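Note that the structure is a prediction, hence the values are computed from the model and not measured.
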Amino acid sequence: MQKKTRTKSLSLLKSLNPVQKQAVECTNGPSLILAGAGSGKTKVLTHKIAYLIDRHKVDPSRILALTFTNKAAREMKERIIQLIKGRADVLWCSTFHSSFARILRKNADRIGFNSNYAIYDEKDQLALIKEIIRELRLEHEKYTAKAVRSVISNFKNKLMLPEDVSDNISHALEEYAAEIYQVYQTRLRKNNAMDFDDLLLKTVELFQLYPDVLSFYQQRWDYILIDEYQDTNYPQYLIIKMLSAKHRNLSVVGDDDQSIYRWRGAEIRNILDFEQDFSDCTTFRLEQNYRSTGNILVVANAIIRHNSERMEKELWTKKGDGEAVSLLVNSTGEEEAYKIVAKIQEECQRHERNFSDFAILYRTNAQSRALEDGLRRNGIAYVIVGGIRFFERKEVKDILAYLRVVVNPLDEISLKRIINFPLRGIGPATIAKIEEYCMRDNLPFFEGLRKVKDIETISGRQQNMIYAFHQMISKYTALLNEFSANELAATLVDELGVLKSLKEEGTQEALSRRENIQELLTQINQFCQEHENPTLAYFLEDISLITDIDRWDDNKNAVTLMTLHAAKGLEFPVVFLAGLEDGIMPLSRSTIEIGDLEEERRLFYVGTTRAREKLYYSMALKRKRFGETLSGKRSRFLEEIEKDLLEVDDLPVYSGRHYPRSKHRTVDTFHAEQRAARKTNSLRKGALVKHPRFGKGVIRALHGDGEDLRADILFEEVGEKKVVIKYAKLEML
């Protein structure tokens with residue numbers, strides 16, 4: 001039996017290179033795995049967990065694996081299940097915030113909350129801050145609620161409580177925010193709510209104040225593995241250090257060269273100082289890259305070696321040199337968009353690529369407009385990662401606010417959002433009267449709604465509407481433990497009548513909003529099918545921690561547009577880095593601190609290493625910004641790359657549309673060639689088609705032949721369908 005187990009363990013290690021194998025086999029004590037871009041960090045992490053379970057017979061429930069996105073956590077768990085060919089449901093593999101939210105729910109009473117606390121997203125936080133500013137009469141023409149929220153977040157990332165900040169104020173905005181911070185925290189507690197930063201701050205507080213709770217979780221996990229360690233902030237660092245103190249079997253995987261979240265509290269010193277914090281640690285450097293071709297890596301290495309605050313490593317590959325990195329020099333931002341479009345069409349023609357093979361990356365969201373315009377004018381499908389999030393759309397957020405109040409009636413922000421949705425004739429003046437009554441008698445807002453008939457300044461009709469609203473919420477709160485999350489949500493939406501009223505309104509916007517609400521109900525139903533204990537509180541927690549990447553549908557045959565920050569962890573056959581001018585990349589043209597400049601260079605490096613086969617840099621000599629046309633200066637990062645490593649294309653675009661025929665095929669030529677190709681090779685995997693009923697789609701597979709020829713097609717709107725070609729009336733696109 002032992003021989004069979006050993007054979008299985010050896011096969012687990014077979015696909016690893018020598019350094020990866022050493023990192024996986026090092027299971028005892030602290031270890032630092034410095035994983036360069038594309039070097040197989042996820043593979044090492046998942047194989048190490050599988051090795052612990054398979055070779056060392058570690059109970060999966062004794063392992064804690066933490067990462068930053070739900071997508072990464074889900075993929076990690078799926079890979080582990082495949083590796084050990086068994087169930088790993090008891091493995092605690094999730095995001096930092098999800099894990100600590102779970103710990104806090106179990107111990108909420110210790111820190112003055114109940115287990116149904118709400119998690120406030122950015123919009124909820126801003127609504128609360130604006131309310132506090134208005135109440136305290138602290139309106140300021142210079143400082144916005146968004147700026148205050150950012151400062152409060154910085155305070156929390158430094159573990160500074162309201163009583164600590166007065167001695168640590170360095171500028172006027174911090175002084176202004178400090179006045180609001182104390183009231184903000186008091187109101188969160190009153191509303192039985194936490195913001196994202198509190199999920200970390202309160203976990204530190206819990207462990208420090210209650211050693212028995214800390215001891216419980218220290219004993220629970222024998223092995224702790226951390227992904228993307230370079231992105232951890234100070235509270236996360238402290239929590240990890242506390243949790244691993246007993247067994248000290250801590251493995252962290254990360255790349256200091258990809259630390260790009262300093263602006264939201266990430267501390268690069270956490271990974272740079274790991275060897276000092278754990279003096280007996282073993283360090284492994286993963287430098288063999290499995291993603292990019294040689295020429296891309298040579299440029300990447302040339303970029304990042306200009307940083308002084310880093311641990312030495314040099315990426316290399318066995319994939320061959322590949323194509324040279326190209327620099328597109330454009331007259332204007334509009335020309336940049338059209339040249340990128342032409343290059344996409346050229347790549348599609350030369351290499352038979354799909355649109356999903358391309359990503360256009362940029363430093364700021366504002367840069368996407370011209371790029372979108374160029375793609376749209378040329379009929380190229382695209383998807384933006386980081387646009388309006390599904391769960392932030394008004395109609396979706398309204399329904400979610402109802403569900404949040406049902407779970408947590410103390411959530412005053414959500415209550416005020418829905419008290420007049422659907423319309424009940426309850427305006428700001430009436431809400432102010434209820435607030436005044438609650439303040440006088442020291443009542444929660446929800447209790448004030450129950451006693452509304454005691455408020456003589458509110459009309460009888462309004463009193464009845466408010467009381468009926470309170471009774472409806474109370475009814476569903478009482479049913480929380482009797483109905484599943486999907487049953488309760490569907491019943492509530494039906495009683496509100498919003499789907500019916502939107503259908504009757506009949507406008508395109510109303511129907512779109514109706515579809516969004518139906519999609520929300522579908523997601524709740526799906527959540528219930530995928531989880532063993534699908535409570536409404538659990539669903540609300542889960543979606544509150546969803547990121548843009550978690551919502552990204554990478555099955556669509558469309559060009560992906562996203563910021564450089566959003567692109568970390570992803571890869572594409574062809575990548576365009578747009579807007580490479582000083583002032584955009586790096587972001588500030590004025591004097592910039594060394595730490596900020598090095599982070600901008602790391603961001604440039606991250607964008608560079610997203611490309612597998614072909615990389616295009618792009619810049620414009622003039623660009624419209626802030627309402628005026630400004631001259632562009634080539635990014636200082638481009639100047640740091642040896643000139644012979646870049647293939648420069650500085651031919652102008654003519655007629656705002658295409659290149660001269662002498663060197664490049666025109667857009668019109670592409671269209672003609674594509675029409676000809678359709679006739680000779682129309683039906684193939686990856687071809688774009690249009691169905692008269694289902695709309696646009698991409699062929700995923702073909703089966704049979706002749707009159708029995710069938711196709712599996714992934715449609716943009718309705719998902720995957722099987723069609724018989726003879727009857728489908730497909731139009732080739």
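Side-chain atoms of Arg285 do not come within 3.5 Å of backbone N or O of Leu34 as any donor-acceptor pair. Under the 3.5 Å distance criterion, the side-chain polar atoms of Glu599 are matched with a main-chain donor or acceptor of Tyr261. Judged by distance alone, the side chain of Asn107 and the main-chain N or O of Leu104 form no donor-acceptor pair under 3.5 Å. Side-chain atoms of Gln125 come within 3.5 Å of backbone N or O of Tyr120 as a donor-acceptor pair. Judged by distance alone, with hydrogens and angles left aside, the side-chain atoms of Arg105 form a donor-acceptor pair with the main-chain N or O of Ser115 at under 3.5 Å. Formation of a donor-acceptor pair under 3.5 Å by the Lys77 side chain with backbone atoms of Leu91 is found in this model. Put simply, the side chain of Asn557 gets close to the backbone of Ser356: a donor and an acceptor are under 3.5 Å apart. Between the side chain of Glu267 and the backbone N or O of Asn233 there is no donor-acceptor pair closer than 3.5 Å. Remark: side-chain polar atoms of Asp195 are paired, donor with acceptor, to backbone N or O of Asp197 under 3.5 angstrom.
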Taking it one step at a time, do Tyr617 and Phe637 satisfy ring-ring contact (aromatic ring centres under 6.0 Å, His included)? CA-CA 11 Å; Tyr617 291 147; Phe637 297 152; over 10 Å; no
Set out, in order, the CA-CA distance, both residues' side-chain angles and the distance that settles ring-ring contact (aromatic ring centres under 6.0 Å, His included) for Tyr538 and Phe527, then state yes or no. CA-CA 10 Å; Tyr538 187 16; Phe527 178 86; 5.4 Å; yes
Stepwise side chain to side chain donor-acceptor pair (under 3.5 Å) check, Thr364 with Gln367: CA-CA 6 Å; Thr364 65; Gln367 292 170 251; 3.2 Å; yes
Assess whether salt bridge (charged side-chain N to carboxylate O under 4.0 Å, His left out) is satisfied between Arg363 and Glu600, documenting all intermediate values. CA-CA 10 Å; Arg363 180 65 181 83; Glu600 290 286 302; 2.8 Å; yes
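Contact check on Arg262 versus Asp596 returns a salt bridge, with a Lys/Arg side-chain nitrogen under 4.0 Å from an Asp/Glu carboxylate oxygen. Taking the charged nitrogens against the carboxylate oxygens, Glu75 and Arg79 have no contact shorter than 4.0 Å, which rules out a salt bridge. Between Lys21 and Glu25 a salt bridge is recorded (basic side-chain N to carboxylate O distance below 4.0 Å). Between Glu571 and Arg610, none of the side-chain N atoms (NZ, or NE/NH1/NH2) sits under 4.0 Å from a carboxylate O, so this pair counts as no salt bridge. Between Arg310 and Glu598, none of the side-chain N atoms (NZ, or NE/NH1/NH2) sits under 4.0 Å from a carboxylate O, so this pair counts as no salt bridge. A salt bridge links Glu347 to Arg353: one of the charged nitrogens lies within less than 4.0 Å of a carboxylate oxygen. Electrostatic pairing of Arg110 and Asp212 counts as a salt bridge here, judged by a charged N lying under 4.0 Å from a carboxylate O. Remark: Asp164 does not engage Lys158 in a salt bridge, criterion side-chain N to carboxylate O under 4.0 Å. By the 4.0 Å N-to-carboxylate-O rule, Arg305 lies too far from Glu312 to be salt-bridged with it.
A donor-acceptor contact closer than 3.5 angstrom is absent between the side chains of Asp321 and Asn295. A donor-acceptor pair shorter than 3.5 Å cannot be found between the side chains of Asn289 and Ser39. Residues Tyr290 and Asn17 have side chains that bring a donor and an acceptor to within less than 3.5 angstrom of each other. Between the side chains of Ser99 and Ser94, at least one donor N or O sits under 3.5 Å from an acceptor N or O. No side-chain donor-acceptor contact under 3.5 Å links Glu323 and Thr293. Side chain to side chain, Ser61 and Asp59 meet the donor-acceptor criterion of an N or O pair below 3.5 Å. Defined by atom type and a distance below 3.5 Å, a donor-acceptor pair is missing between the side-chain atoms of Gln218 and Ser215.
In this structure, the side chains of Leu297 and Trp316 stay at 4.5 Å or more apart for every pair of heavy atoms. Contact annotation: the side chain of Ile33 never approaches that of Tyr229 to less than 4.5 Å [non-hydrogen atoms, C-beta and beyond]. Side-chain contact between Thr95 and Leu66: absent, with no pair of heavy atoms (C-beta onward) separated by less than 4.5 Å. In this structure the side chain of Asp231 never reaches within 4.5 angstrom of the side chain of Gln236, judged on heavy atoms. Here the side chains of Leu161 and Phe155 are not in contact, with every heavy-atom distance at 4.5 Å or above. Side-chain contact between Thr608 and Leu615 is present, with heavy atoms from C-beta onward closer than 4.5 Å. For the pair Asn307/Arg601, a side-chain contact is recorded, criterion being any heavy-atom separation below 4.5 Å from C-beta on. At least one side-chain heavy atom of Ser251 sits less than 4.5 Å from a side-chain heavy atom of Lys48.
Residues satisfying the ring pair (Phe, Tyr, Trp, His ring centres under 6.0 Å) criterion with Phe96, sequence neighbours excluded, are Phe68. The salt bridge (Lys or Arg N to Asp or Glu O under 4.0 Å) check on Lys41 picks up Asp227, Glu228, with sequence neighbours excluded.
The aromatic rings of Phe113 and Tyr117 sit perpendicular to each other, their planes meeting at more than 60°, with 30° as the lower class boundary.
One distance of note links CG of Leu52 with OH of Tyr223; it measures 5.5 Å at 0.5 Å rounding.
By the 6.0 Å and 45° rule, Arg220 does not stack over the aromatic ring of Tyr217. Geometrically, Lys614 engages Tyr616 in a cation-pi contact, judged by NZ or CZ lying under 6.0 Å from the ring centre and within 45° of the ring axis. The cationic atom of Arg62 (NZ for Lys, CZ for Arg) does not lie both less than 6.0 Å from the six-membered ring centre of Trp92 and within 45° of the ring axis.
Applying side chain to side chain contact (heavy atoms under 4.5 Å, CB included) to Lys202 and the options Leu200, Leu206, Val204, Asp198 leaves one that passes, Asp198.
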